[in-house]
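Heads up: the structure comes next, in structure tokens.
Only this structure's heavy atoms are used, side chains among them; waters, hydrogens and symmetry mates stay out. Since we're looking at a predicted model, the values are computed, not measured.
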Amino acid sequence: MRLWSLHPRHLDRQGLTGCWRETLLAQAVLAGHTRGYRSHPQLERFRAQADPLDSIGEYLEVLAEEAATRGYRFDRSRIDRRPARSVKDGAASGEAAHGASAGAVVSRVEVPRIPVTSGQLDLEWRHLLHKLEERSPERWERANSLAGPTAHPLFEVVPGPVESWERAEDPQR
């Protein structure tokens, strides 16, 4: 299971679709709908949130947005808890927003950002570049010319080493 801390724009087709599938599995684990992967270390950062399902829902929304920009259609109805919405007149919750009258101003309620260390982002970037070099050389060339990666919008980069939950080996070692 790989829940990338990188912005999904860096992922190739296989990476984006794989991340979608694996994050749906992570959502099922967090919701208690499956027994497999319950102790997977990559879930630690979501479990540490006040509302893990809101956080994983926001993560999935960003993946779906990236997919849409590429012309893919990820089924957003599979997101158990899409980020909460509120209607300007005071009604709250996703249901109220969906049932709001035409023209009502609907805005997102912010899901708290999750810290991710710069060391983690760097390791994932090297890991992704290694994968891209093998399976998507044209995307590797574009990515390799960048100064560095951008984090997924759910994550806030903080200084530090590779995260304690990371199990992947550094491809440069």
Side-chain angles (χ1 to χ4, degrees), residues 1-31 33-34 36-37 40-47 49 51-86 93-95 97-98 100 106-116 120-157 163 165-166 168 171:
M1 180 182 291
R2 168 62 55 192
L3 305 178
W4 295 96
S5 305
L6 301 169
H7 196 291
R9 78 168 136 259
H10 296 304
L11 304 176
D12 60 353
R13 178 183 50 80
Q14 299 95 314
L16 183 61
T17 57
C19 189
W20 173 256
R21 285 190 313 271
E22 291 173 6
T23 307
L24 288 172
L25 172 59
Q27 174 183 250
V29 171
L30 292 170
H33 297 312
T34 185
Y37 294 96
H40 197 285
Q42 288 217 9
L43 297 177
E44 288 178 21
R45 59 183 165 173
F46 289 95
R47 282 197 177 104
Q49 302 312 300
D51 194 326
L53 289 175
D54 275 354
S55 294
I56 203 87
E58 178 67 16
Y59 186 92
L60 283 162
E61 279 289 333
V62 173
L63 294 179
E65 289 167 7
E66 176 61 26
T69 66
R70 298 184 192 192
Y72 309 154
R73 284 183 276 175
F74 286 5
D75 182 2
R76 290 180 184 203
S77 71
R78 298 189 66 192
I79 302 173
D80 287 349
R81 194 168 314 156
R82 295 180 71 183
R85 313 268 177 195
S86 64
S93 87
E95 297 306 313
H98 293 300
V106 178
S107 63
R108 281 188 129 152
V109 172
E110 293 293 316
V111 173
R113 293 179 79 195
I114 300 172
V116 64
Q120 180 65 34
L121 206 62
D122 290 344
L123 175 109
E124 289 186 25
W125 185 239
R126 289 189 302 274
H127 185 66
L128 178 63
L129 288 175
H130 180 73
K131 287 180 169 289
L132 294 177
E133 186 174 23
E134 292 177 357
R135 69 182 185 212
S136 299
E138 69 293 336
R139 193 168 274 278
W140 176 83
E141 281 191 34
R142 280 195 312 250
N144 206 34
S145 69
L146 298 173
T150 305
H152 184 292
L154 179 61
F155 299 112
E156 178 178 6
V157 182
E163 298 281 0
W165 46 258
E166 181 59 69

task: Please lay out, stage by stage, how Y72 and L16 fare under the test side chain to side chain contact (heavy atoms under 4.5 Å, CB included).
output: CA-CA 10 Å; Y72 309 154; L16 183 61; 4.0 Å; yes

Below 4.5 Å, heavy atoms only, C-beta onward: do [X] and [Y] meet side chain to side chain?
X	Y	value
T69	E65	no
F74	T17	yes
F155	L121	no

- request: Could you list the residues that satisfy side-chain contact (heavy atoms from CB on, under 4.5 Å) with H7, not counting sequence neighbours?
  value: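 Scan of H7 (side-chain contact (heavy atoms from CB on, under 4.5 Å), adjacent residues dropped) gives R9, H10, E66, T150, P153.
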
- request: Without swapping roles, check the side chain of E61 against the backbone of I79 for a donor-acceptor pair under 3.5 Å.
  value: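 The answer is no, because no donor-acceptor pair under 3.5 Å joins these two groups.
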
Quick one: [atom1] on [X] to [atom2] on [Y], what's the gap to the nearest 0.5 Å?
X	Y	atom1	atom2	answer
W140	D12	CH2	CG	14.0 Å
R135	H130	CZ	NE2	10.5 Å
Q42	R2	CD	CZ	4.5 Å
T34	Q27	OG1	CD	12.0 Å
K131	E124	NZ	CD	11.5 Å
N144	L132	CG	CG	9.5 Å

Heavy-atom closest contact ([X] atom, [Y] atom, distance):
X	Y	answer
L154	P112	CD1-O, 3.8 Å
Q14	S136	OE1-OG, 3.8 Å
W125	A143	CZ2-O, 3.3 Å
L123	E166	CD2-CG, 3.6 Å
D75	W20	O-CZ2, 3.5 Å

Has [X] got more than 12 heavy atoms of other residues, nucleotides or ligands less than 6.0 Å from its [atom1]?
X	atom1	answer
R70	CZ	yes
R47	CZ	yes
R13	CZ	no

task: Just do the side chain to side chain contact (heavy atoms under 4.5 Å, CB included) check on R139 and R142 with the steps written out, would you?
output: CA-CA 5 Å; R139 193 168 274 278; R142 280 195 312 250; 3.4 Å; yes

task: Go through Y59 and I114 one step at a time and tell me if the side chain to side chain contact (heavy atoms under 4.5 Å, CB included) criterion holds.
output: CA-CA 11 Å; Y59 186 92; I114 300 172; over 6 Å; no

message: Can you tell whether the side chains of R81 and E58 come within less than 4.0 Å, N to carboxylate O?
response: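 Between E58 and R81 there is no salt bridge, as every charged N stays at least 4.0 Å from the carboxylate O atoms.
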
message: Run the side chain to side chain contact (heavy atoms under 4.5 Å, CB included) test on W4 and H152 for me, step by step, so that the C-alpha distance in whole Å, both residues' side-chain angles and the decisive distance to 0.1 Å come before the verdict.
response: CA-CA 8 Å; W4 295 96; H152 184 292; over 6 Å; no

task: May I ask you to check whether S5 and Q120 show a side-chain donor-acceptor distance below 3.5 Å?
output: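 The criterion, which ignores hydrogens and geometry beyond distance, is not satisfied for Q120 and S5.
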
